[in-house]
Number of protein chains: 2
Amino acid sequence: MTITIKHVAERAGVSTKTVSRVMNGEAHVRTAVREAVMRVVEELGYRPNAFARSLSSARSYLLGLFLDDPAWSGYAAGMQRGALIRCRERHYHLVVEPLDTGTDGWEPDLMASIASLRLDGAILAPPLCAMPPLLDMLDGIGLPYVLISPGKDHQRSGSVDIDEEGAAFAMTRHLIDLGHRDIGLIEGIPSHAATPKRRAGFLSAMHGAGLPVDRDRIVPGDFTFRGGLDGGEALLGRATRPTAIFASNDDMALGVSAAAARRGIAVPGQLSIAGFDDGPTARVAWPPITTIRQPVGEMAAAAVDILIDPSYRDAPTDPRFRRELPYELIVRGSTAAPPPL
Amino acid sequence: MTITIKHVAERAGVSTKTVSRVMNGEAHVRTAVREAVMRVVEELGYRPNAFARSLSSARSYLLGLFLDDPAWSGYAAGMQRGALIRCRERHYHLVVEPLDTGTDGWEPDLMASIASLRLDGAILAPPLCAMPPLLDMLDGIGLPYVLISPGKDHQRSGSVDIDEEGAAFAMTRHLIDLGHRDIGLIEGIPSHAATPKRRAGFLSAMHGAGLPVDRDRIVPGDFTFRGGLDGGEALLGRATRPTAIFASNDDMALGVSAAAARRGIAVPGQLSIAGFDDGPTARVAWPPITTIRQPVGEMAAAAVDILIDPSYRDAPTDPRFRRELPYELIVRGSTAAPPPL
DNA sequence: ATGAAAGCGCTAACAA
DNA sequence: TTGTTAGCGCTTTCAT
């Protein structure tokens, strides 16, 4: 038989309401009573039933993490891990909702899930934060949400971000400082807010150093290994090829690495390669990839903190709910000085 | 205001119990009534409150996925994805519980979570299935569970598995068929049930082909890139080195690949490398890794099916709840004939 | 500071 | 085949 609040109340000689107060850390309980109750709780191993609690109170103690990441990459995994850990610390639970916004019909599914679980809030990972219809929908049903690395829409809600443009600038600067003059860029999926920002950082570093950027040095990508391979092939197949390639994430950097290997181009001797994210794959390569560390776990944790903040619901646009976390340039073996002319 | 079962009942002119029956697909409802109710449900956009349902029925419609994977590798991610998708199809929800059994104090946390969520069942990913104390604990509280790739303990409960030994045999055979005679093996973490099985498959293929296996051709590993790198260094640093290395998973195969690159050993020209799992990293390498495809997603889905089966709870040891899914040998660019002598 | 009573929205058991 | 009556275990409201 499961132990309920009644058992505890009876045993402690108080009312169930008092036990409830103690369990929720509410005020107006004498220390002696509080301690007595706690003792009985320990003794009996009482665990409040999450369903009963959610049913009677307005809160569900459940947060949703919405992901649209078909590749289920290290990025998504890191995000989830960070959110999960923080949720547990705060006595919340996390419900992961993988969406496939590429296919039709995701909307009712999501709605059903939200409605039946009475989520207290949601974390939207990119590229979902750049989907106004989704945000509108959430606004419509009054579900608070926090955006991770949003684009323009970050005014309407809390958000956690890094300085994408600054990071891309720093990486490009690193390559320039090594002596590179001709650098190629492989972009990310256009729908990700990070894509234009990373390009902007790249261009501003190049232009700031007085370096021209030829139109054919920027090629599209899709954040996958395959995309990096194709982008790398395109850049390395040109009559004159760049001495460095900046891929907009690590998986694509690995793709470039593979393209170089295929063509017998030594990395970093003849070609420097840079990535972005510092996901698990960046270290699982040879040479290991120079990249930008994005603290995905901490970003997710920060999002949880924001959602749990009792005042968030009423003032989601308050600037203090917009956080920017620091990135870090991680120099590894894939970048070096360009080959002598 | 949220729409409850009462609103639907009233509007449809039936009792709440009838609505409940319709929602749960129970029998004993006339088609006409069922349809009428469904229409109202659609009209009002009614979504049953999961908490109320769980509170009054014995079930929570929640399954737990217990993972102890500090690296949060592609393996764990694939497992989760598979479980998540199947859960959604079956109108269940998944709660992911990352455990750290390496550290003390995980037990009360887990217990609290299980108790307060009233999980209907749990999926135990390796190496948790090889932890008798955990299984005992779950048995103690009467929580049904399914083991993924268990070792000896698979008698006591439902399980989903592949033929680890057969798969390792097939991979070794593949290398032998290519002409390799001297093959190194990098093992996995000893606590994983798969480790001894994969070694057994390796040895039986070698011995079956009349090939000796020197003691120093088998080195320990830990399923990480770093471990593969070290293992590779060890094997490639010997006076005479093997012409092929079979790493017990993909991440380690990548490590071997890196070790080879470091020493200027061409893959597959001078060294063949094989992995296991066919996780995301196997394709994110150059050359791509020859490996064993383990259908992790389907394995997790199968585990969900078993847990949801109404008769599972009463007969967890029934053989029909022990499933073995097919593996597949995936030949990619990392294996080829050995170099001529 | 504490308690009694009344639900939260649903399903189980029983009745009709 | 359908409806009625009690709860599930907790929190809320309102007393005291």
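The chains referred to below are lettered A, B, ... by the order of the sequence lines, with proteins before strands, and numbering in each begins at 1.
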Practice task
Consider only side-chain N and O atoms of B/Asp318 and B/Tyr312, and report whether a donor and an acceptor are under 3.5 Å apart.
Solution key: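 There is no such pair between these side chains.
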Handout entry: side-chain N/O A/Thr18 vs C/dG3 OP1/OP2, d < 4.0 Å
Key =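 Answer yes for this pair, as a side-chain N or O of A/Thr18 is under 4.0 Å from OP1 or OP2.
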Exercise for the section: Would you indicate, yes or no, if C/dA1 has its OP1 or OP2 atom less than 4.0 angstrom from a side-chain nitrogen or oxygen of A/Arg30? Expected result: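 No, no such contact exists.
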[atom1] of [X] to [atom2] of [Y]: how many Å apart, nearest 0.5 Å?
| X | Y | atom1 | atom2 | result |
| --- | --- | --- | --- | --- |
| B/Thr101 | B/Leu67 | OG1 | CG | 11.5 Å |
| A/Leu63 | A/Leu143 | CG | CG | 9.5 Å |
| A/Glu97 | B/Leu84 | CD | CG | 7.0 Å |

Rounded to whole Å, please give me the gap between [atom1] in [X] and [atom2] in [N].
| X | N | atom1 | atom2 | answer |
| --- | --- | --- | --- | --- |
| B/His28 | C/dC14 | NE2 | P | 16 Å |
| B/Tyr46 | C/dG9 | OH | C1' | 7 Å |
| A/Arg34 | C/dA1 | CZ | P | 10 Å |
| A/Arg21 | C/dT2 | CZ | P | 8 Å |
| B/Ile3 | C/dG9 | CD1 | C1' | 13 Å |

Between [X] and [Y] (salt bridge meaning N to carboxylate O under 4.0 Å), is one present in this structure?
| X | Y | result |
| --- | --- | --- |
| A/Arg323 | A/Asp161 | no |
| A/Arg313 | A/Asp120 | no |
| B/Arg90 | B/Asp305 | yes |
| A/Arg39 | A/Glu42 | no |

Exercise for the section: Report the residue from A/Pro144, A/Ser157, A/Ser159, A/Ser311 that forms a side-chain contact (heavy atoms from CB on, under 4.5 Å) with A/Phe321. Expected result: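 The residue from A/Pro144, A/Ser157, A/Ser159, A/Ser311 that satisfies side-chain contact (heavy atoms from CB on, under 4.5 Å) with A/Phe321 turns out to be A/Ser311.
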Exercise for the section: Identify whether NZ of Lys or CZ of Arg in A/Arg53 sits under 6.0 Å from the centre of the six-membered ring of A/Tyr61 and within 45° of that ring's axis. Expected result: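 Ring-cation test returns yes.
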Practice task
Identify, residue by residue, the members of residues 110-122 of chain B with a heavy atom below 4.0 Å from DNA chain D, and return them in order of residue number, or none.
Solution key: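 Heavy-atom contacts with DNA chain D come from no residue of residues 110-122 of chain B; none.
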Exercise for the section: Please say whether more than 12 non-hydrogen atoms of neighbouring residues, nucleotides or ligands are located less than 6.0 Å from CD in A/Glu89. Expected result: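 Enclosed.
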Nucleotides 5-8 of chain C: which of its N/O atoms have a protein N/O under 3.5 Å away?
unit_1	atom_1	unit_2	atom_2	d
C/dC8	O2	A/Ser56	N	3.4

Problem - For chain B, the stretch of DNA chain D it reaches, first to last nucleotide, under 4.0 Å of its heavy atoms - result: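 Nucleotide range in contact with chain B: D/dT1 to D/dG9.
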